[in-house]
Amino acid sequence: MNEALVFDPELITRYDRAGPRYTSYPTALQFSELHEAEYQAWVQDSNEEPLPRPISLYFHLPYCSRICYYCACTKIVTANRAHAVPYLGHLKQEIALQGRLFDRDRKVTQLHWGGGTPTFFNPEQMRDLMRTTAEHFHLSEEKNREYSIEVDPREANEFTVGVLRELGFNRISLGVQDFDLEVQRAVNRVQSEEQTEQILVAARSNDFHSVSMDLIYGLPLQTLESFMVTLDKVIAMAPDRLSVFNYAHLPTRFKSQKQIKTAELPSVEEKLRILQGTIERLGEAGYVFIGMDHFARPDDELCKAQQRGSLHRNFQGYSTHAECDLVGMGMSAIGSIGGNYAQNEREAGAYSQAIGEGRLAVFRGLAPEPEDRLRREVITQLICHFELDPAAFEARWKLDFWEHFSAERVALQEMMDDGLLSLTEGVIHVLPPGRLLVRNICMVFDRHLPAHAAGGAYSRAI
């Protein structure tokens with residue numbers, strides 16, 4: 001599992017094509033109209049299971065005080081913080097509406113505030129939001145609960161971090177992207193190393209269990225040399241986890257990206273050099289490649305979950321809590337109840353109107369067919385654990401695995417010939433050269449992909 005990655009430029013270039021990140025399967029492109037009554041029925045069925053699953057809560061807090069040009073998130077940019085007050089009121093109403101649906105004895109073992117910039121809100125607003133959550137859901141007090149928050153170091157200080165710990169957060173993710181000043185100016189996100197380190201030190205002094213940092217490669221004016229300087233500074237700060245994302249330049253889909261000068265973007269060759277240098281440097285520093293864009297220290301819970309075979313992937317990325325029902329709240333938030341998907345209204349006006357009328361804001365979703373549930377399990381196993389045992393699927397799903405996936409076997413054989421995979425004692429193993437391309441391997445099992453492969457629906461794999 002912890003074998004070193006092998007960076008093969010020829011293979012990466014050959015397999016580098018657009019495809020899903022598989023935070024769900026089927027992906028959100030397959031979602032269709034969903035009625036409130038359907039969602040309520042899903043929750044009721046989930047409550048009535050012999051051993052109801054614990055709950056994971058996700059809150060989308062979309063406000064930012066300034067725009068980062070590269071950002072592809074659902075956000076509302078305003079310097080006037082009073083504009084966010086009505087949204088918080090509707091979010092609290094939604095918490096109450098959702099809370100009534102779930103049995104009170106189902107504990108919230110995982111909770112995440114994402115954005116936007118959650119710390120856009122002041123301490124009393126954050127306290128009020130957590131109080132409301134506790135009124136309507138059973139918040140776990142267990143030590144292994146995972147309560148995480150995304151933090152922009154420009155919108156927080158030591159006091160803020162203390163408040164977050166007081167509220168029960170024990171994991172924190174810091175947006176960094178790049179420390180090079182010219183790159184920061186090019187993407188309108190000037191953030192000093194001192195600001196970042198101040199929050200990291202405060203998180204550790206407040207006994208946060210894990211600190212994560214996000215970096216992006218492929219931003220304007222980046223070079224291998226400049227990004228390695230950033231990476232060395234980050235490694236010196238020793239975060240527990242690192243996410244190193246590929247910047248996907250899609251200005252026709254994300255208006256803020258039109259502010260980025262295409263001529264200043266690094267070439268494909270330079271991006272590959274940056275990625276290779278990043279992998280080598282992080283490996284030397286002792287970080288383990290979890291999958292996709294994620295690295296972690298060997299003693300981090302992500303690594304432990306992967307070793308136990310319990311690692312999961314959802315709309316927030318890799319997760320240590322595979323067994324939860326995920327309740328998404330706030331505009332555009334996506335949840336998963338009993339393996340079914342539901343998404344809230346994506347526009348602030350439509351979201352606020354639904355909640356203001358006393359309705360849930362769900363407007364589209366999907367109840368996967370058995371075939372998609374089978375394929376989801378295959379994809380999850382590959383993307384989380386780099387291996388798959390067909391015999392286990394045959395026992396669980398009562399089918400002949402290779403007969404069922406006879407067409408897929410042809411594509412897998414090509415990948416085996418290219419050294420991405422091996423078949424040893426009947427078990428499929430993703431080899432070190434294939435781990436950076438695990439997304440491509442998963443795409444083999446995606447029966448919906450051909451309908452969406454073109455037209456810029458997905459970012460490229462590398």
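For the residue pair I355 and R359, the shortest heavy atom distance occurs at CD1-O, 3.4 Å. Of all heavy-atom pairs between A186 and E264, the closest is CB-OE1, 4.2 Å. L11 and D418 make their closest contact through CD1-O, 3.6 Å (heavy atoms, listed as atom of the first residue, atom of the second, distance). Summarising the geometry of P266 relative to G218, their closest heavy-atom pair is CD-O, 3.5 Å, with the distance given to 0.1 Å. Contact record, V108 with Y147: O-OH, 2.6 Å, taken as the closest heavy-atom pair. Residues A342 and V362 approach most closely at CB-CG1, 4.1 Å, considering heavy atoms.
No donor-acceptor pair closer than 3.5 Å links the side chain of R189 to the backbone N or O of Q177. Within the 3.5 Å criterion, the main-chain N or O of A82 finds a donor-acceptor partner in the side chain of N80. Looking only at distances, a side-chain donor or acceptor of E150 sits under 3.5 Å from a matching main-chain atom of G115. Of the possible polar contacts, one joining the N122 side chain to the Q125 backbone as a donor-acceptor pair under 3.5 Å is found. Side chain of D325 to main chain of R53: no donor-acceptor pair is present (N/O by atom type, distance under 3.5 Å, no hydrogens or angles). Looking at N344, its side chain never comes within 3.5 Å of a backbone N or O of M329 through a donor-acceptor pair. R439 places a side-chain N or O within 3.5 Å of a backbone atom of P20 that can act as its donor or acceptor partner. At least one donor-acceptor pair closer than 3.5 Å links the side chain of Q257 to the backbone N or O of Y70. No side-chain donor-acceptor contact under 3.5 Å links H312 to the backbone of S319. S192 contributes a side-chain N or O that, together with a main-chain N or O of Q195, makes up a donor-acceptor pair within less than 3.5 Å.
Listed by first and then second residue, the salt bridge (Lys or Arg N to Asp or Glu O under 4.0 Å) pairs involving residues 69-83 are R81-E155 (not counting sequence neighbours). Residue pairs meeting the salt bridge (Lys or Arg N to Asp or Glu O under 4.0 Å) criterion with at least one member in residues 127-137, sequence neighbours excluded, are K92-D128, E124-R127, E124-R131, R127-E166, D128-R131.
Ion pairing of E269 with R273 is absent here, as no side-chain N (NZ or NE/NH1/NH2) approaches a carboxylate O to less than 4.0 Å.
Side-chain contact of T13 with D16: a donor-acceptor pair under 3.5 Å is absent, judged by distance alone. T196 and Q191 share a donor-acceptor pair across their side chains, judged by distance under 3.5 Å alone. Between the side chains of S226 and D180, not a single donor N or O lies within less than 3.5 Å of an accepting N or O. Side-chain atoms of S148 and H112 include a donor-acceptor pair closer than 3.5 Å. In summary, the side chains of D178 and Q222 do present a donor paired with an acceptor at a separation below 3.5 Å, with no hydrogens or angles considered. For the 3.5 Å distance criterion, the side chains of Q353 and E357 qualify, holding a donor opposite an acceptor.
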*Under the side-chain contact (heavy atoms from CB on, under 4.5 Å) criterion, do F208 and L164 qualify, and how do the steps go?*
CA-CA 10 Å; F208 274 74; L164 296 177; 4.1 Å; yes
*asked:* Q184 vs F179, test: side-chain contact (heavy atoms from CB on, under 4.5 Å). Steps then yes/no.
replied: CA-CA 7 Å; Q184 291 181 348; F179 281 135; 4.3 Å; yes
_Derivation of the salt bridge (charged side-chain N to carboxylate O under 4.0 Å, His left out) call for R171 and E301_ = CA-CA 11 Å; R171 299 186 183 276; E301 283 302 316; 5.3 Å; no
*Check the pair F295, Y287 against ring pair (Phe, Tyr, Trp, His ring centres under 6.0 Å), reporting the backbone distance first and the verdict last.*
CA-CA 6 Å; F295 299 80; Y287 286 89; 7.5 Å; no
*Report the C-alpha distance between Y58 and F315 in whole Å, list the side-chain angles of each, state the deciding distance to 0.1 Å, and finish with yes or no for ring pair (Phe, Tyr, Trp, His ring centres under 6.0 Å).*
CA-CA 9 Å; Y58 171 72; F315 297 101; 9.0 Å; no
*Would M443 and Y22 count as a side-chain contact (heavy atoms from CB on, under 4.5 Å) if you check the C-alpha gap in whole Å, the side-chain angles of each, and the deciding distance to 0.1 Å?*
CA-CA 9 Å; M443 287 158 63; Y22 294 115; 3.4 Å; yes
*Is there a side-chain contact (heavy atoms from CB on, under 4.5 Å) between M331 and E345 once you walk through the steps?*
CA-CA 6 Å; M331 61 180 282; E345 294 281 1; over 6 Å; no
*Could you please spell out the steps behind the salt bridge (charged side-chain N to carboxylate O under 4.0 Å, His left out) verdict for R154 and D152?*
CA-CA 5 Å; R154 302 170 301 167; D152 180 344; 2.7 Å; yes
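Within the 4.5 Å cutoff, no side-chain heavy atoms of V187 are placed close to those of C68. Side-chain contact check for H294 versus R241: every heavy-atom pair is 4.5 Å or farther apart. You'll find the side chain of E280 stays beyond 4.5 Å of the side chain of F7, heavy atoms only. S210 places a side-chain heavy atom less than 4.5 Å from the side chain of D300. In this structure, H385 and Q306 have side chains that are in contact, with non-hydrogen atoms separated by less than 4.5 Å. Side-chain contact between L215 and T278 is absent, with no heavy atoms from C-beta onward closer than 4.5 Å. Residues E194 and Q198 are not in side-chain contact: their nearest non-hydrogen atoms beyond the backbone lie 4.5 Å or more apart. For the pair M292 and R21, the minimum side-chain heavy-atom distance is below 4.5 Å.
Cation-pi geometry between R435 and F386 is met: under 6.0 angstrom from the ring centre, within 45 degrees of the axis.
Taking CD1 of I216 as the start and OH of Y247 as the end, the distance is 8.5 Å to the nearest 0.5 Å. With rounding to the nearest 0.5 Å, the separation of CD1 in I274 from OG1 in T223 is 6.5 Å. Between the CD1 atom in I199 and the CE atom in M237 there is a gap of 11.5 Å [rounded to 0.5 Å]. The line from CZ of R145 to CZ of F169 is 9.5 Å long, rounded to the nearest 0.5 Å. The structure places CG of L91 at 5.5 Å from CG of L129, a figure rounded to the nearest 0.5 Å. In this structure, the separation between OH on Y341 and CD1 on I334 is 9.5 Å, given to the nearest 0.5 Å.
Each of E146, Q316, E323 was evaluated against Q110; a single residue qualifies, E146, per the side chain to side chain donor-acceptor pair (under 3.5 Å) test. Screening T230, V229, L231 against K233 for a side chain to side chain contact (heavy atoms under 4.5 Å, CB included) leaves a single residue, V229.
Note on ring orientation: taking the six-membered ring where Trp is involved, the planes of H448 and Y25 are tilted (angle from 30° to 60°). The aromatic rings of Y87 and Y351 sit tilted relative to each other, their planes meeting at an angle between 30° and 60°.
Within a 6.0 Å radius of CD in E197, no more than 12 heavy atoms belonging to other residues, nucleotides or ligands are found. Other residues, nucleotides and ligands place no more than 12 heavy atoms under 6.0 Å from the NZ atom of K261.
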